[in-house]
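Below, all heavy atoms of this structure are taken into account, side chains as well, without hydrogens, waters or symmetry copies.
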Amino acid sequence: MKKRSITIEGHRTSISLEDEFWKALNAISKQENSSLVDVVRQIDEKRSSGLSSAVRVHVLKYYQRQLGLI
């Protein structure tokens, strides 16, 4: 588990994720030609749960869409 702090809309927040999720999130941001902070900001705007959980769900759904599972 790795904890990282980022700034979203001028507020510092911490996200705790397993290394595999950080790697996947970085890969998604590169694929989307976006920064990691921008991807997390988009997740934050749509979330209905804790930010770390929302990031995990986003990563899962992203790859499910890539595989045509949803």
Side-chain angles (χ1 to χ4, degrees):
M1 192 72 87
K2 289 187 180 179
K3 188 177 204 174
R4 296 187 186 171
S5 294
I6 62 170
T7 302
I8 301 173
E9 303 296 329
H11 295 56
R12 295 287 289 169
T13 189
S14 295
I15 305 172
S16 296
L17 296 171
E18 294 77 7
D19 193 45
E20 293 82 4
F21 282 101
W22 283 116
K23 289 176 183 175
L25 197 57
N26 278 309
I28 290 169
S29 68
K30 287 178 185 175
Q31 242 176 356
E32 299 295 319
N33 294 317
S34 193
S35 71
L36 181 77
V37 172
D38 285 339
V39 172
V40 173
R41 182 183 48 75
Q42 292 171 10
I43 295 167
D44 184 53
E45 290 173 355
K46 298 175 186 173
R47 72 182 169 114
S48 60
S49 62
L51 184 55
S52 295
S53 295
V55 169
R56 287 185 189 93
V57 169
H58 178 83
V59 168
L60 174 64
K61 287 184 175 182
Y62 183 89
Y63 286 108
Q64 285 178 323
R65 280 190 298 275
Q66 294 288 315
L67 295 171
L69 300 174
I70 59 171

Student: Rounded to the nearest 0.5 Å, how far does CG of D19 lie from NZ of K23?
Tutor: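 Separation between the atoms: 4.5 Å.
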
Student: State the CH2-CE distance between W22 and M1, to the nearest 0.5 angstrom.
Tutor: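 Going from the CH2 atom of W22 to the CE atom of M1 covers 11.0 Å.
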
Student: When you look at V37 and T7, which way does the side-chain contact (heavy atoms from CB on, under 4.5 Å) test go after all the steps?
Tutor: CA-CA 8 Å; V37 172; T7 302; over 6 Å; no

Student: When rounded to the nearest 0.5 angstrom, what is the spacing between CG in D38 and CG in N33?
Tutor: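 If we round to the nearest 0.5 Å, D38:CG and N33:CG are 11.5 Å apart.
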
Student: Supply the atom-to-atom distance Q31 CD to Q66 CD, rounded to the nearest 0.5 angstrom.
Tutor: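 If I round to the nearest 0.5 Å, the distance is 5.0 Å.
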
Student: For a 4.5 angstrom cut-off between non-hydrogen side-chain atoms, does Y63 reach I28?
Tutor: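 A side-chain contact under 4.5 Å exists here.
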
Student: Would you compute the distance between atom CD1 of I43 and atom CD1 of I8 and round it to the nearest 0.5 angstrom?
Tutor: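 Between atom CD1 of I43 and atom CD1 of I8 there are 9.0 Å.
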
Student: Would you say S29's side chain and V39's backbone share a donor-acceptor pair under 3.5 angstrom?
Tutor: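 Not a single qualifying donor-acceptor pair exists.
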
Student: Would you say that V40 contacts T13 through its side chain, given a criterion of any heavy-atom pair below 4.5 Å between the two side chains?
Tutor: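 Heavy-atom side-chain distance check fails, nothing below 4.5 Å.
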
Student: Hey, could you give me the CZ/OG distance between R4 and S52, rounded to the nearest 0.5 Å?
Tutor: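 Reported value, rounded in 0.5 Å steps: 12.0 Å.
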
Student: Taking the side chain as everything from C-beta on, heavy atoms only, tell me whether K61 gets closer than 4.5 Å to Q64.
Tutor: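 Of all side-chain heavy-atom pairs linking Q64 with K61, at least one is under 4.5 Å.
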
Student: Please determine whether a side-chain nitrogen of the Lys or Arg among R41 and D44 lies less than 4.0 Å from a carboxylate oxygen of the Asp or Glu.
Tutor: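 Answer for the salt bridge query: no.
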
Student: Under a 4.5 Å cut-off applied to non-hydrogen side-chain atoms, are I15 and L25 in contact?
Tutor: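 Side chain of I15 against side chain of L25, heavy atoms only: no contact under 4.5 Å found.
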
Student: For Y62 versus E32, what's the shortest heavy-atom pair and its separation?
Tutor: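 In terms of heavy atoms, the two residues are closest at OH-OE2, 2.9 Å.
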
Student: Is it true that the side chains of S14 and S5 contain a donor and an acceptor less than 3.5 Å apart?
Tutor: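 Yes.
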
Student: With the side chain counted from C-beta on, respond yes when H58 and R47 share a heavy-atom pair under 4.5 Å apart, and no when they do not.
Tutor: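 No - every pair of side-chain heavy atoms lies 4.5 Å or more apart.
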
